[in-house]
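We count ligands from 1, going down the list as the structure has it; atoms in each ligand are counted the same way.
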Amino acid sequence: MKNEKLERCLKRKRLRNNALKRAILEVIEESDMALKAEEIQQRLRNYPVRKPAINTIYRTLQILVDCDVISAINVGQTRYFTKHGASYFICRECNRLISGPKLPEEVKRKIAKWFETDDAFEMVIYNLCKRCK
Ligand SMILES: [Zn+2]
């Protein structure tokens, strides 16, 4: 489903649907944690794609965000990338980010209804972590 949405979007933007875009999307889809571009670059070593420079990865990530098949979360100076429908806790003091609970289907349905979207959202909860209290 994500791949079809991406394909439609790339066609609209007249961009090629290449193996790198699909591989990056897969890395993010398979991760339970939001990832930095550098972490995505490392994980791509397990994929049969040419090893891309970090700038290429950033550019590709931005296209995936623009096509709304992944989300970006900015925490301080750091930009994380995540699949849709995930939840995260972020400490507003030290900027630590960890995975939150898996959202129940009912919660996902309500969010989707309210925002009139499919699963294109993420839930982020800010507070002070134990260390910073
Ligand atoms: Zn903290």
Side-chain angles (χ1 to χ4, degrees):
M1 190 209 110
K2 278 280 136 64
N3 274 321
E4 286 162 32
K5 188 174 181 182
L6 178 62
E7 203 169 315
R8 278 197 308 274
C9 175
L10 293 174
K11 226 170 239 168
R12 251 192 338 265
K13 292 177 179 289
R14 296 178 191 279
L15 292 170
R16 279 197 359 225
N17 186 356
N18 57 18
L20 179 63
K21 293 190 187 75
R22 291 191 300 272
I24 290 180
L25 180 59
E26 202 176 316
V27 166
I28 292 170
E29 284 282 320
E30 286 186 356
S31 173
D32 287 326
M33 184 62 193
L35 301 169
K36 300 176 200 169
E38 291 78 11
E39 294 167 330
I40 292 164
Q41 187 180 36
Q42 275 173 14
R43 292 187 189 199
L44 281 173
R45 289 190 188 137
N46 304 323
Y47 286 78
V49 289
R50 263 198 301 147
K51 303 303 158 235
I54 195 73
N55 284 345
T56 306
I57 292 183
Y58 271 114
R59 227 178 12 251
T60 307
L61 284 166
Q62 190 55 51
I63 293 168
L64 298 179
V65 170
D66 291 344
C67 284
D68 205 21
V69 291
I70 62 167
S71 298
I73 303 173
N74 296 311
V75 190
Q77 305 292 326
T78 311
R79 197 163 163 83
Y80 292 91
F81 299 90
T82 176
K83 62 185 169 190
H84 290 317
S87 78
Y88 296 97
F89 295 147
I90 296 172
C91 174
R92 56 179 135 81
E93 184 66 34
C94 68
N95 289 336
R96 200 152 59 101
L97 174 149
I98 67 159
S99 285
K102 196 169 183 294
L103 299 178
E105 285 309 312
E106 190 201 347
V107 173
K108 285 189 182 178
R109 263 200 312 277
K110 280 192 173 166
I111 295 171
K113 197 174 169 196
W114 175 253
F115 290 105
E116 293 186 342
T117 179
D118 44 15
D119 68 340
F121 63 85
E122 62 290 331
M123 193 160 90
V124 181
I125 298 166
Y126 293 90
N127 211 321
L128 285 177
C129 76
K130 281 180 247 168
R131 286 188 226 156
C132 295
K133 274 219 164 86

For this session: Ignoring hydrogens and angles, state whether a donor on the side chain of Ser71 or Glu122 is under 3.5 Å from an acceptor on the partner side chain.
Result: yes
Exercise. Is it the case that Gln62 and Asp66 place a side-chain donor and acceptor less than 3.5 Å from each other?
Worked result: yes
Exercise. Are the charged groups of Lys110 and Glu106 less than 4.0 angstrom apart, N to O?
Worked result: yes
Exercise. Is it true that Asp118 and Lys2 make a salt bridge, defined as a side-chain N closer than 4.0 Å to a carboxylate O?
Worked result: no
Seminar exercise, completed: Within a strict 2.8 Å cut-off of the Zn ion (ligand 1), protein N/O/S atoms tallied 4
Exercise. Do Cys91 and Cys132 have their SG atoms less than 2.5 Å apart?
Worked result: no
Exercise. Is there a side-chain contact between Asn46 and Val27 (heavy atoms, below 4.5 Å)?
Worked result: no
